[in-house]
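All ligand and atom numbering here is 1-based and tracks the order in the structure.
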Amino acid sequence: MHTRTLGSTGPRVSALGLGCMGMSALYGDADRAESIATIHAALEAGVTLLDTGDFYAMGHNEMLIGEALRSAPADRREQALLSVKFGALRDPDGGWSGYDGRPAAVKNFAAYSLQRLGVDHIDVYRIARADPDVPIEETVGAIAELVEKGYVRHIGLSEVGAETIRRAAATAPIADLQIEYSLISRAIEDEILPTTRELGIGITAYGVLSRGLISGHFTGDRQLAPNDFRAHSPRFQGDNLRHNLTLVEALRKVAEAKGVSVAQIAIAWVLARGEDIVPLVGARTRERLAESLGALDVTLEQDDLAAIEQAVPAGAAAGDRYPAPQMAHLGTKE
Ligand SMILES: NC(=O)c1ccc[n+]([C@@H]2O[C@H](COP(=O)([O-])OP(=O)(O)OC[C@H]3O[C@@H](n4cnc5c(N)ncnc54)[C@H](OP(=O)(O)O)[C@@H]3O)[C@@H](O)[C@H]2O)c1
């Protein structure tokens, strides 16, 4: 397994991480046994970084990972590095009701996560979105106290802008910023990526397949359950979807010429953007995981990169990456 380091202070991790969100939430129903088998297969293949959030089906995702770790061979369990997001507030009917980054809340979230995961520390801990009512210094300061006590190893950030990154980094060492980055979500390139690079902060990139949209497997006639995020995502609607799938077909030609799959070329493109970037793939079956891991063997030459850029130029996607109310909580405008 290829490895990369998360920023100048973070851990050495597998060059691809496994994002476990879709195993519990946001992409419709998932198969529990297959989810656990996928986590086991990832560990077996040498994946070390597992990403979750305490709000992914209200603790379900953490308990799933805890179960997968307990049933994995001891050496595989020990290699796992857990990246956990907290702070998003939910209600019993599944609604989202804001963020809580107050120091007492941070410690409370962590206490519950440790219990649900069945571990004595979290490797990278981060608030999912900055709480607009709490200065980031207070939230990061509370995580720093958890680091001092040994409950957390590293501090991360998620979906924040350059100014917040600077303020957080002035408070405590920051290992990585988790943020959406893919061929069709390149907003971080203007200001955020130069800032993280200047400060020695790594990137864990999510949505590298734009939630399946640019995987090569998504079709225009796919029926999405009401509890599937994609049923409400602007990029997956009507004309936007039709346009975005034409980009995928252009990308497919490049992938086919190279003898790889669309998903592999999309993941390989993110990997090629810099050693400081670790893509999180959201595979929830062993088959998709195997396909994703194949991207690690894809080397993109200059002419491949030019062909990809021509097929999917920066800014070519139609539709925002989140519905309007959620865009307001992001560190990027697009
Ligand atoms: N910090 C944040 O704000 C934030 C936000 C979102 C996610 N995340 C984290 O990032 C992780 C990855 O995000 P994501 O799940 O949206 O990413 P993604 O990898 O772009 O999308 C994953 C979806 O793509 C589809 N897919 C098709 N082919 C695939 C392949 N070969 N490998 C993997 N997936 C394939 C699957 O959908 P089907 O199974 O339906 O076909 C899968 O559920 C999440 O699990 C979560 O841990 C963080």
Side-chain angles (χ1 to χ4, degrees), residues 16-31 34-35 38-39 41-42 47 49-57 61-62 64-65 82-88 96 99 124-130 156-160 176-185 188 203-219 222-225 227-231 233 235-236 248 252 255 260-270 278-296 298 317 321-322 326-327 329-332:
L16 275 189
L18 180 65
C20 300
M21 176 183 83
M23 297 176 182
S24 298
L26 290 153
Y27 296 152
D29 294 339
D31 180 309
E34 182 59 28
S35 296
T38 304
I39 295 173
V47 170
L49 183 64
L50 302 181
D51 185 72
T52 183
D54 62 10
F55 47 88
Y56 292 157
N61 202 233
E62 292 181 316
L64 181 86
I65 291 173
L82 302 178
S83 155
V84 181
K85 292 180 291 300
F86 65 88
W96 301 82
Y99 298 94
V124 192
Y125 201 44
R126 68 186 88 242
I127 190 160
R129 301 286 183 270
L157 296 169
S158 171
E159 283 289 357
V160 289
D176 70 324
L177 166 68
Q178 189 172 112
I179 198 157
E180 186 162 358
Y181 189 42
S182 73
L183 267 167
I184 64 167
S185 302
I188 70 167
I203 297 283
T204 43
Y206 77 82
V208 292
L209 297 177
S210 197
R211 303 167 183 273
L213 177 58
I214 59 166
S215 67
H217 299 293
F218 199 89
T219 55
R222 181 160 165 185
Q223 296 299 313
L224 297 167
N227 65 352
D228 192 319
F229 168 88
R230 298 170 291 195
S233 164
R235 287 192 173 165
F236 288 82
V248 177
R252 193 186 302 280
V260 301
S261 74
V262 181
Q264 286 169 341
I265 209 156
I267 298 167
W269 181 86
V270 176
V278 173
L280 294 173
V281 293
R284 49 188 183 167
T285 63
R286 285 167 285 182
E287 193 185 345
R288 296 284 198 246
L289 172 72
E291 182 185 21
S292 299
L293 290 173
L296 291 165
V298 178
R321 59 193 180 95
Y322 279 92
Q326 293 170 36
M327 287 299 294
H329 295 288
L330 304 178
T332 63

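- The protein heavy atom nearest to atom 2 (C) of ligand 1 is Tyr206 CE2, 3.2 Å.
- For ligand 1 and Ala263, the ligand atoms under 4.0 Å from any heavy atom of the residue are 31 (N).
- Under the 3.5 Å distance criterion, the side-chain polar atoms of Arg284 are matched with a main-chain donor or acceptor of Gly22.
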- Worked verdict on Arg129 versus Leu330 for side-chain contact (heavy atoms from CB on, under 4.5 Å): CA-CA 7 Å; Arg129 301 286 183 270; Leu330 304 178; 3.6 Å; yes
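- Ligand 1 has an N or O atom lying under 3.5 Å from an N or O atom of Gly282, backbone or side chain.
- For the ligand labelled ligand 1, residue Arg230 lies inside the 4.0 Å heavy-atom shell.
- Taking distance alone, with nitrogen or oxygen atoms compared against 3.5 Å, Leu289 stays at or beyond that limit from ligand 1.
- Ser233 places no side-chain N or O within donor-acceptor distance of the main-chain N or O of Arg230, the cut-off being under 3.5 Å.
- When the options Lys85, Arg129, Arg321 are ranked by their closest heavy atom to atom 3 (O) of ligand 1, first place goes to Arg129.
- Side-chain atoms of Arg126 do not come within 3.5 Å of backbone N or O of Gly156 as any donor-acceptor pair.
- Of the residues Arg235, Gln326, Arg211, the one that meets the side-chain contact (heavy atoms from CB on, under 4.5 Å) test with Arg321 is Arg235.
- Of the protein's heavy atoms, Gly19 CA, 3.6 Å lies nearest to atom 11 (C) of ligand 1.
- Using a 4.0 angstrom heavy-atom cutoff, Glu287 does not count as in contact with ligand 1.
- Using cut-offs of 30° and 60° for the angle between ring planes, the Tyr181 and Trp269 rings count as tilted.
- Atom 29 (C) of ligand 1 has as its closest protein heavy atom Arg288 CD, 3.3 Å.
- For Glu287, the side chain to side chain contact (heavy atoms under 4.5 Å, CB included) criterion is met by Thr285, not counting sequence neighbours.
- At least one heavy atom of Tyr56 sits less than 4.0 Å from an atom of ligand 1.
- With hydrogens and angles disregarded, a donor-acceptor distance shorter than 3.5 Å links the side chain of Thr38 to the backbone of Arg286.
- Of all atoms in ligand 1, numbered sequentially from 1 with element shown, those under 4.0 Å from a heavy atom of Arg284 are 38 (P), 39 (O), 40 (O), 43 (O).
- Judged purely by atom type and a 3.5 angstrom limit, Asn61 uses its side chain to pair as donor or acceptor with the backbone of Cys20.
- Given atom 47 (O) of ligand 1, the protein heavy atom at minimum distance is Asp51 OD2, 2.6 Å.
- Backbone and side-chain nitrogen or oxygen atoms of Met21 are examined, and one is located within less than 3.5 angstrom of a nitrogen or oxygen of ligand 1.
- Atom 25 (C) of ligand 1 has as its closest protein heavy atom Gly212 CA, 3.5 Å.
- With ligand atoms numbered from 1 in the order given, ligand 1 contributes 30 (C), 31 (N), 32 (N), 33 (C) to contacts under 4.0 Å with heavy atoms of Ser292.
- Judged purely by atom type and a 3.5 angstrom limit, Arg252 uses its side chain to pair as donor or acceptor with the backbone of Gly216.
- Checking side-chain atoms of Ser261 against main-chain N and O of Gln264 turns up a donor-acceptor pair under 3.5 Å.
- Counting only heavy atoms of the protein, atom 12 (C) of ligand 1 lies nearest to Leu280 O, 3.7 Å.
- Looking at Ala283 against ligand 1, both its backbone and its side chain come within 4.0 Å, counting heavy atoms.
- Nearest protein neighbour of atom 34 (N) of ligand 1, counting heavy atoms only, is Leu209 CD1, 3.6 Å.
- When each atom of ligand 1 is checked for a heavy atom of Ser158 under 4.0 Å away, the hits are 1 (N), 2 (C), 3 (O).
- The closest donor-acceptor contact from the side chain of Glu34 to the backbone of Asp31 lies at 3.5 Å or more, if one exists at all.
- Ring to ring, Phe236 and Phe218 are close: their centroids are under 6.0 angstrom apart.
- The Gln178 neighbourhood of ligand 1 comprises atoms 1 (N), 2 (C), 4 (C), 8 (N), 9 (C), 48 (C), with distances under 4.0 Å to a heavy atom of that residue.
- Close contacts between ligand 1 and Glu291 involve ligand atoms 30 (C), 31 (N) [criterion: under 4.0 Å to a heavy atom].
- Under the 4.0 Å distance rule, the nearest protein heavy atom to atom 36 (C) of ligand 1 falls outside the cut-off.
- Between Phe229 and Tyr322, the ring center distance clears the sub-6.0 Å criterion.
- Between the side chain of Ser182 and the backbone N or O of Val208, no donor-acceptor pair lies under 3.5 Å.
- Residues forming a salt bridge (Lys or Arg N to Asp or Glu O under 4.0 Å) with Asp51 (at least two apart in sequence, or on another chain): Lys85.
- Near His217, the atoms of ligand 1 lying under 4.0 angstrom from a non-hydrogen atom of the residue are 27 (C), 28 (N).
- The closest side-chain heavy-atom distance from Leu183 to Ile214 is below 4.5 Å.
- In terms of protein heavy-atom proximity, atom 14 (P) of ligand 1 is nearest to Tyr27 OH, 3.5 Å.
- Here is the list of ligand 1 atoms found below 4.0 Å of a heavy atom in Val208: 20 (O).
- Ligand 1 has at least one atom lying under 4.0 Å from a heavy atom of Arg222.
- Here Ser182 has no heavy atoms under 4.0 Å from ligand 1, in either its backbone or its side chain.
- Residue contacts with ligand 1 leave out Phe229, since none of its heavy atoms falls under 4.0 Å from the ligand.
- Using 4.0 Å as the threshold, Ser210 has a heavy atom nearer than that to some atom of ligand 1.
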